[in-house]
Amino acid sequence: MSNYTVESTKVETIDGAKLHTRLFKPTEEGDVKDNLVVVLVHPFSILGGCQGLLKGIAVGLAGKGYKAVTFDMRGAGKSTGRASLTGFAEIKDVIAVCKWVCENLSSDRILLVGSSAGAPIAGSAVDEIKEVVGYVSIGYPFGMFASILFGRHHKAVLNSQKPKLFVMGTRDGFTSVKQLQHKLSSAVGRVETHLIEGASHFQMEGPEFDNQMVDLILPFISSL
């Protein structure tokens, strides 16, 4: 028997987009560790990003006793609306899903996890949602080329006092280790980094690193 179950729902944003959303949770209610819920934000919709890329992490977290929520941002998968180039419209999507979590899962503690372009989008939502208690970035695109699209998101997460964990491969391609360190030198609050030797940006989005991401997220949750 599987150690997790999945439920699907639609979440509506303040501007009318309907987001296809999935809740992964432990099979037995008694196995739920606490009321913290992990909300995962997928990579760039315009390059094919969708919630399916985060299923492995969500399943891993549910198997360890945490409720995890994935969703297709506007214009991705089965969600309505149109994807934006810079990810600013998608901040509303993150806020709507977090509001749904608070209202429907009796949770007042949310960990936001963003992968690739989902990291700047999630980062911009961190201080917009009081229930968010921490933030994890997987492959935040801080590099010069990516900053043309996502540069205006940087300040929000770097200026947030909430605890932050930045995970990146040393061969990311979009962001060098030096660029990451330079950006994080201006960050406030508690900031942790974890570098994965030899991993590229798109490898990190793939299933081979899902278990490692879960193993990094769990102790971060325990520290919150």
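- The main-chain N or O of Glu90 is never found under 3.5 Å from a side-chain atom of Ser84 such that the two would form a donor-acceptor pair.
- Criterion: ILVMFWY side-chain heavy atoms under 4.5 Å apart, direct or through other members. Under it, Ile196 and Phe202 are not part of a common hydrophobic cluster.
- Rounding to the nearest 0.5 Å gives a distance of 12.0 Å between OG of Ser222 and CD1 of Ile217.
- Pairing each heavy atom of His154 with each of Ser147, the nearest pair is CE1-OG, 3.2 Å.
- Side-chain contact between Met204 and Val167 is present, with at least one heavy-atom pair separated by less than 4.5 Å.
- In this structure the side chain of Ser124 never reaches within 4.5 angstrom of the side chain of Val94, judged on heavy atoms.
- Applying the side-chain contact (heavy atoms from CB on, under 4.5 Å) test to Glu192 and every residue at least two apart in sequence or in another chain returns Leu165, Arg190, Phe220.
- There is a path of hydrophobic side-chain contacts, each under 4.5 Å, that joins Trp100 to Ile91.
- Closest approach of Ser2 to Thr27, counting heavy atoms only: O-OG1, 2.8 Å.
- Here the straight-line distance linking atom NZ of Lys67 with atom NZ of Lys33 works out to 14.0 Å at 0.5 Å rounding.
- For Lys10, the NZ atom sits in a packed shell: over 12 heavy atoms of surrounding residues, nucleotides or ligands are nearer than 6.0 Å.
- The minimum heavy-atom distance between Thr170 and Val177, with the atom names listed, is CA-CG2, 4.0 Å.
- Among Phe88, Phe174, Phe44, the single residue meeting the ring pair (Phe, Tyr, Trp, His ring centres under 6.0 Å) criterion with Phe150 is Phe44.
- Using a 4.5 Å cut-off on side-chain heavy atoms (C-beta onward), Leu216 and Ile138 make no contact.
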query: Between Ser115 and Leu54, is a side-chain contact (heavy atoms from CB on, under 4.5 Å) present by the stated rule, with each step listed?
result: CA-CA 8 Å; Ser115 175; Leu54 298 168; 4.0 Å; yes

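- Atom NZ of Lys162 has more than 12 heavy atoms from other residues, nucleotides or ligands within 6.0 Å.
- Looking at His153, its side chain does come within 3.5 Å of a backbone N or O of Thr86 through a donor-acceptor pair.
- Just one of Leu40, Val136, Leu61, Val132 meets the side-chain contact (heavy atoms from CB on, under 4.5 Å) condition when paired with Leu111; it is Val136.
- Around atom NE2 of His182, no more than 12 heavy atoms belonging to other residues, nucleotides or ligands sit under 6.0 Å away.
- Within the model, atoms NZ of Lys55 and CZ of Arg22 stand 7.5 Å from one another, a figure rounded to the nearest 0.5 Å.
- When all heavy atoms are compared, the tightest approach of Asn3 to Gly63 is ND2-CA, 3.5 Å.
- The distance from atom CD of Glu128 to atom NZ of Lys99, rounded to the nearest 0.5 Å, is 14.0 Å.
- Under the 3.5 Å distance criterion, the side-chain polar atoms of Thr175 are matched with a main-chain donor or acceptor of Phe142.
- Under the 4.5 Å side-chain heavy-atom criterion for Ile, Leu, Val, Met, Phe, Trp and Tyr, Val38 and Val214 are members of the same hydrophobic cluster.
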field: Residues Ile95, Ile14; criterion side-chain contact (heavy atoms from CB on, under 4.5 Å); working and verdict
entry: CA-CA 9 Å; Ile95 292 169; Ile14 196 168; over 6 Å; no

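- Contact check for Met73 versus Val41: side-chain heavy atoms found under the 4.5 Å cut-off.
- A distance of 7.5 Å separates OG in Ser200 from CZ in Arg171, rounded to the nearest 0.5 Å.
- For the pair Val69/Leu105, a side-chain contact is recorded, criterion being any heavy-atom separation below 4.5 Å from C-beta on.
- Summarising the geometry, atom CD belonging to Gln51 is positioned 11.0 Å from atom OG belonging to Ser45; distances are rounded to the nearest 0.5 Å.
- Few gaps surround CG on Asp215; more than 12 heavy atoms of other groups in view lie less than 6.0 Å from it.
- Within a 6.0 Å sphere centred on CD of Glu197, heavy atoms belonging to other residues, nucleotides or ligands number 12 at most.
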query: Step by step, would you call Ser79 with Arg74 a side-chain contact (heavy atoms from CB on, under 4.5 Å)?
result: CA-CA 5 Å; Ser79 294; Arg74 62 187 61 210; 5.6 Å; no

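- Annotation: side chain of Asp172 is not in contact with side chain of Gln179 (no heavy-atom distance under 4.5 Å).
- Counting heavy atoms from C-beta on, the side chains of Thr5 and Leu23 never come closer than 4.5 Å.
- A tilted orientation is assigned to the rings of Phe166 and Tyr140, their planes being inclined by 30° to 60°.
- When all heavy atoms of Asn35 and Ser107 are compared, the closest pair comes out as O-OG, 2.6 Å.
- Formation of a donor-acceptor pair under 3.5 Å by the Tyr135 side chain with backbone atoms of Ala119 is found in this model.
- A heavy-atom distance below 4.5 Å is found between the side chains of Leu195 and Leu180.
- Note: the hydrophobic cluster containing Leu112 does not contain Val188 (ILVMFWY, side chain heavy atoms under 4.5 Å, direct or indirect links).
- Glu12 and Gly16 make their closest contact through OE2-CA, 3.6 Å (heavy atoms, listed as atom of the first residue, atom of the second, distance).
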task: Dump the intermediate steps for side-chain contact (heavy atoms from CB on, under 4.5 Å) on Phe71 and Val11, then the final yes or no.
output: CA-CA 9 Å; Phe71 63 99; Val11 174; over 6 Å; no

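- Linking Ile, Leu, Val, Met, Phe, Trp and Tyr residues whenever their side-chain heavy atoms come within less than 4.5 Å places Leu218 and Val133 in a single cluster.
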